[in-house]
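Just so you know, these numbers come straight off a predicted model, no measurement behind them. Quick note: residue numbers are just sequence positions, from 1.
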Amino acid sequence: MTRSVRLTCIALIFVAGAATPAAARSFRGLVRALNEVALSIEFEAKVSRLGFREGEEFRKGDVLISFDCRRHLAELKALEATAREMGFTLHSNERLFKHKAAGSNDVEISRAKADKADAEAEAFRIRLDQCVIKAPFDGSVVSLALHEHEYASPQKPFMSILDAGASEIEVIVPSSAVNKLPPGGSFAFTIDETGQTLPATIDRRSGSVDAVSQTTKIYAKWQNAPVGVLPGMSGTAEFDAIGQTADGAR
């Protein structure tokens with residue numbers, strides 16, 4: 001091959017390489033709800049009314065579920081009666097002590113019993129707040145494991161709710177790239193299910209790295225409130241699609 005031919009080939013290779021755009025740095029991500037709650041109660045109780053079922057939407061303050069707590073209310077009345085009894089005993093011992101008819105130990109013991117009875121009644125009263133569970137935010141019911149007239153088991157989640165209007169993006173990236181993706185950096189996120197490409201901004205980075213996969217996570221906020229985007233949808237984050245490369249250069 002002559003020298004002139006070699007130079008021509010090199011020039012063609014250079015031009016072809018210069019005309020090829022840099023590959024986008026793409027990583028997979030997932031849309032996550034910011035507010036997602038699994039509801040449970042601390043005691044066994046029968047469902048008296050279900051306010052909403054799976055897939056239904058609710059507003060903050062709506063009654064999601066209510067329980068038949070008549071037996072528990074009776075137990076609370078018994079505890080309150082015991083607390084009053086202990087209070088009367090304390091008052092009586094304090095009067096006797098003033099007249100030197102009772103010792104200081106009698107007063108302190110009766111005061112301790114009165115305090116204990118008050119605390120037990122208050123603790124039970126707080127538990128009974130769970131007899132009616134109201135929505136802590138606007139959202140929808142994701143799953144429901146109870147029907148009316150069934151019993152809820154203590155500490156076992158029976159309903160899962162989420163706020164679909166408040167979400168973020170979780171992106172898995174190589175640990176070697178995380179320092180090149182600082183908070184405040186922007187990227188485009190294309191959602192598989194809808195085909196939408198939406199701008200997002202890196203909010204924070206995970207504080208750890210998976211030792212096996214050598215990956216970590218970054219979390220991002222939408223630059224504009226998305227429409228039709230639901231938690232659980234997945235997509236691809238491209239860090240040079242809107243003017244910023246994965247290396248941080250614009």
Indicate yes or no: at least one non-hydrogen side-chain atom of [X] is less than 4.5 angstrom from one of [Y].
X    : Y    : result
R205 : N179 : yes
E80  : L76  : yes
V37  : L39  : yes
D62  : K134 : no
Q214 : P174 : no
L198 : V229 : yes
I133 : I41  : yes
E238 : R25  : no

Linking I/L/V/M/F/W/Y whenever their side-chain heavy atoms sit closer than 4.5 Å, directly or via other members, would [X] and [Y] fall into one cluster?
X    : Y    : value
L144 : V47  : yes
V132 : M159 : no
I172 : I169 : no
L162 : V141 : no
L30  : I218 : no

Where [X] and [Y] come nearest, the two heavy atoms and their spacing:
X    : Y    : result
T89  : S110 : CG2-CB, 4.2 Å
T194 : G228 : CG2-O, 4.0 Å
A114 : G87  : CB-N, 4.2 Å
E150 : A145 : OE1-O, 4.1 Å
E44  : Y151 : CG-CD2, 3.8 Å
A117 : A83  : CB-CA, 3.5 Å

* To do: Assess whether side chain to side chain contact (heavy atoms under 4.5 Å, CB included) is satisfied between T82 and E120, documenting all intermediate values.
  => CA-CA 10 Å; T82 299; E120 288 175 345; 5.9 Å; no
Are a donor atom and an acceptor atom from the side chains of [X] and [Y] found within less than 3.5 Å of each other?
X    : Y    : result
Q223 : T201 : yes
S167 : R32  : no
S66  : S48  : yes
D192 : S234 : yes

Mind checking the [atom1]-[atom2] spacing from [X] to [Y]? Nearest 0.5 Å is all I need.
X    : Y    : atom1 : atom2 : value
H91  : L96  : NE2   : CG    : 10.0 Å
E170 : K217 : CD    : NZ    : 4.0 Å
L73  : D68  : CG    : CG    : 9.0 Å
F137 : R59  : CZ    : CZ    : 13.0 Å
E54  : I161 : CD    : CD1   : 13.5 Å
D138 : E57  : CG    : CD    : 9.5 Å

Please check if the number of heavy atoms outside [X] that lie under 6.0 Å from its [atom1] is greater than 12.
X    : atom1 : value
E94  : CD    : yes
R125 : CZ    : yes
R28  : CZ    : yes

Any donor-acceptor pair under 3.5 Å from [X] side chain to [Y] backbone:
X    : Y    : result
T216 : S208 : yes
Q130 : E42  : yes
S92  : F88  : no
N93  : L90  : no
D163 : G139 : no
E148 : L50  : yes

* Give the ring-plane orientation class for F43 versus H72, where under 30° counts as parallel, over 60° as perpendicular and anything between as tilted. =>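 Rings of F43 and H72: tilted, as their planes differ by 30° to 60°.
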* Working for salt bridge (Lys or Arg N to Asp or Glu O under 4.0 Å), residues E75 and R71 -> CA-CA 6 Å; E75 293 178 14; R71 177 172 62 85; 2.9 Å; yes
* ring-ring contact (aromatic ring centres under 6.0 Å, His included) contacts in which one or both residues fall within residues 158-184, not counting sequence neighbours ->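 Qualifying pairs: F67-F158.
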* To do: Determine, stepwise, if the pair F189 / V31 fulfils side chain to side chain contact (heavy atoms under 4.5 Å, CB included).
  => CA-CA 10 Å; F189 190 71; V31 179; 4.1 Å; yes
